[in-house]
Amino acid sequence: MKTLNFQEIERKWQKYWEDNQIYKAVFDKTKPKYYVLEMFPYPSGQLHMGHARNYCIGDAIARYYLLKGYNVLHPIGWDAFGLPAENAAIKHKIHPKKWTDNNIENMRKQLKQLGISYDWSREINTSLPEYYKFTQWMFLKLYENDMVYRKKGIVNWCAYCNTVLANEQVIDGKCWRCHNIVGKKELEQWYVRITKYADSLLSELDSLEGWSDYVKQMQRNWIGKSSGAKINFRVPELNEFLEVFTTRADTLPGVTFISIAPEHPMVRKILEKNSNPELDLYLRRSMSLTTTERTKEKTGVFTGLYAENPLNGNLIPIWVANYVLVDYATGAVMGVPAHDQRDYEFAKVYNLPIIPVIMPEYEVENAAYEESKGKMFNVGFVGGILVDGMDCNDFRKFVVKYLESRGIAKEDINYRLKDWLISRQRYWGAPIPIVYCDSCGVVPVPFEDLPVMLPDDIEITGKGDSPLAYSSEFVNTLCPKCKGKAKRETDTMDTFVCSSWYFWRYTSPNETDKPFDPEELGYWMPVDQYIGGIEHAVMHLLYSRFMSHFLYDLGVVPTKEPFKNLLNQGMVCKDGKAMSKSLGNIVSIEEIIEKYGADTGRVFELFVAPPEKDIEWSDNGIEGVHRFLNRYFKYCIELINSEVYNHDQEVDHKRILNKVYKSLYKITEEFETQRYHFNTSIASLMEMLNYLEDNKDSVRRLNIKHKEILINILIKVLAPFAPHIAEELWSLWGKKDSVFKDKWPDINTEYLVEEKITIPVQINGKLRGQIEIENNAEIDQIMDCIKMDHKIYKHISDKTIKNIIFVKNKIVNIIV
RNA sequence: GCCGGGGUGGCGGAAUAGGUAGACGCAGGGGACUUAAAAUCCCCCGGAGGUCAAACCUCCAUGCCGGUUCGAGUCCGGCCCCCGGCACCA
């Protein structure tokens, strides 16, 4: 038996696919479309088998839809701007562009070696002016609609990356990219008003049926909507109001103090009015601490001022407290120690009174009763109405209305989500198309002047301010409005801006005067299946959804939600950890291709577990898959070359075709239900092959028609997973065109029905045996068989049958 | 603490309109072929017990304890543990 040369076969078909442009997606309204997209990679240098999983999953789906006759759009590109290119520039004295382009070249070659079905004519690269011109276009659209603004404030600062970070990009206090602790800095920066779309982003999650609850929940958490009311407390000494936000207005009668954040503007006014060394010291101390240090335990200091409870005019002390966040809601909270655990802890530290106003429904000891359940007490009359005995939920509504009528409260909603900080003090990114003019102020660069080109001759030092600021040629420009002297913005955009719209660009990547062609966009969108890692559950997926909602409202894009179905694949681990270059536990693509071929590597990654689970790389496992593919190939060759017998010699062809059609059914279903558990699909291929090999004689005697059905299915069902082998078999079978130009086999339901089936027989719910009987047999017939079956019958022979439960073709349960 | 997902052989994992638990693969054991090895092929493989042995038979097994049901990995109630998200968000 000649051994298979996977590498040779793979090279041959990869060349064929490229020469014949098999995967080119051509806009054609008469055909149904299917858009499969894998999150595009950052060109870090090398792909390994950990990265490959994403592409293998997407490729199986793309190839299935090709075979189903869809017009498939399966593109790839490069998220090419970003920090590592600059770090490489500093370390190796190589220009970021050069470094990036080299990496892309290498990774492109690797993807081609894997044989992924990309339409390479649509390849994009976010670092090319042809692309970032439209990233700037996006910025201008936002600007035009007052969705982007400049603000001075405290920002997340990564000292290692020398740049600011958006909130989403700080994970557990660490930088999402370099994992170093993130600090604070006060800077004037550009923000996108994503919070304006908080409600839209939240409510549309419900429409995303093709997303996992898991990711949707993460987005809900991140947006963090909370409904309540703003309430004004008068501060007589300052003769002004202090506004607090609360979700529990019903606890207002129980307020015993007010806490404000150290950065709250009122603190400065208090200090201006009276000197307060204690307060001064406290402020200085909290400012010098990091967020984590600051929030270890509750501390605070009395300001010396009082506020009036709007319900009863009682004077309550105003404290500055470390547990109040300045950047959430009003930066001030009403302290209700009886019904809020945090306030309770604070009150305990400083001996503040605790006044319960809701009767707890169970015993509470050394803690606040936080439930929104129970009757009010201890309150008396509010607005002429007796509150005591009222349900706290009713009182909450009542009290807000009552205060609202007096103009001191208002229903309000707050979000955890913050505006998206998009300026970056880095070189390798899309320049922000803004000009500062002494006479006109902030002026956007006109659309027709795009792109604002990133200059090539920049020295990258990694010193911490924008490298572009050092290029006088870049900085000094003329004001688009008055033509006077002006300076350019020198920050570049967060790379998440580049990736928040790339999926639209693929639909018409060569447009030069607009980001995309509306016709093509209308045809291809939305992305039918998006595939990527869970790490982007909030960052990339939230930003992209935002851009989509925004542009949908402008009528620029055809769907509100860009990604109809989302699959988050798990990580590929080795030695228990995610494969990564820095950990030195990678399995390279080249190594796998050289040893086993791409098809083996691909099938292994699909077979070992369902796509959403993490998998552990296994050398033994891949050997097993390699053995299987070899057997499959050899079996098919033998079958193709086998002599065809006279049809009247055919025996039990139904049994053979039943097995094969069952496999086809199983595999088809896995795609159609979008479950994509390809591990079971491949298991059913293995089962089918085992069965065919065990029944060689029956297969040998198939007539020509049945043999052709068999070969056709064998090749097609393999094709989405091992495309090179499938192509080779197809051509060895004498077919001229690519197998992917052919059709996925129809399921012949006639063969799905088995003639004889095995029915389990239980006595009192315990399995006592099986009987083989024809399909759809009735209970009488089955009972006759049971009586002849000694093993089963002995359990009932000396007993009386009380009941028989019979589910046709499923089970018999005899109760004695 | 709140929210989401999950606990099945030595391992990865199958099986959900409740119906033969452990498909398929890996590892392991035995055998065939071979001078030998590799490759390939065949057989066994959850646990305990019965029989000299085998065929076979019995009992126990899907995190734990209950419940519903003729029948529960699957449904319900209560616990334990693991993974992930949010977390002094008022």
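Predicted, not measured: the structure shown is a model, and the values here were computed from it. So that the names make sense, note that chain A is the first sequence line, chain B the second, and so on, each numbered from 1.
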Earlier contact from the 5' end, RNA chain B, for Ala683(A) and Gln217(A)
Gln217(A)
Any chance the rings of Phe671(A) and Phe678(A) have centres within less than 6.0 Å?
yes
Tell me what Asp327(A) touches on the nucleic acid: a base, only sugar-phosphate, or nothing, going by heavy atoms under 4.0 Å.
nothing
Once you round it to whole Å, what is the distance between C1' of rC56(B) and NE2 of His795(A)?
12 Å
Look at all strands and tell whether Ile805(A) reaches a base, only sugar-phosphate, or nothing, counting heavy atoms closer than 4.0 Å.
base
With rounding to the closest Å, how many angstrom separate the P atoms on rG12(B) and rA23(B)?
15 Å
What's the closest nucleotide to the Lys766(A) side chain, out of rC59(B), rC88(B), rG5(B)?
rC59(B)
Give me the distance, rounded to whole Å, that separates rG1(B) from rC79(B) when you measure between the P atoms they each carry.
12 Å
Counting side-chain heavy atoms from CB outward, which of rG84(B), rU20(B), rC26(B) is closest to Thr758(A)?
rU20(B)
Which is true for Lys216(A) with a 4.0 Å heavy-atom rule: it touches a base, it touches only sugar-phosphate, or it touches nothing?
nothing
With both distances under 3.5 Å as the test, what is the Watson-Crick or G-U wobble partner of rC86(B)?
rG1(B)
Assess the pair Phe257(A) and Phe346(A): is the distance between their ring centroids shorter than 6.0 Å?
yes
rC70(B) and rC57(B), which share atom name P, separated by this distance in whole Å
28 Å
With a 3.5 angstrom cut-off on both distances, give the Watson-Crick or G-U wobble partner of rU69(B), or none if there isn't one.
none
Sugar-phosphate only, base, or nothing, as touched by Glu687(A) at under 4.0 Å among non-hydrogen atoms:
sugar-phosphate
Within the structure provided, determine whether Asn568(A) and Trp211(A) are in side-chain contact (heavy-atom separation under 4.5 Å).
no
If you measure from the P atom in rA21(B) to the same atom in rU58(B), how many Å do you get, rounded?
14 Å
Can you tell me how far P of rG4(B) sits from CE of Met218(A), to the nearest Å?
15 Å
Looking at rC70(B), rG13(B), rG19(B), which one has an atom nearest to any side-chain atom of Ile815(A)?
rC70(B)
Have a look at Arg631(A) and say if it touches a base, only the backbone sugar-phosphate, or nothing, with a 4.0 Å heavy-atom cut-off.
sugar-phosphate
Report which part of the nucleic acid Phe607(A) touches: base, sugar-phosphate, or nothing (heavy-atom distance under 4.0 Å, all strands).
base
When the C1' atoms of rA15(B) and rU62(B) are considered, how many whole Å apart are they?
11 Å
Tell me what Gln770(A) touches on the nucleic acid: a base, only sugar-phosphate, or nothing, going by heavy atoms under 4.0 Å.
base
Does Lys666(A) pair with Glu670(A) as a salt bridge, N-O distance under 4.0 Å?
yes
Identified pairing partner of rU40(B), criterion: Watson-Crick or G-U wobble below 3.5 Å
rA32(B)
Leu606(A) atom CG is separated from rG25(B) atom P, nearest whole Å, by 17 Å
With both distances kept under 3.5 Å, what pairs with rG9(B), Watson-Crick or G-U wobble?
none
According to the Watson-Crick and G-U wobble definitions, with both distances under 3.5 Å, which nucleotide is paired to rG49(B)?
rC57(B)
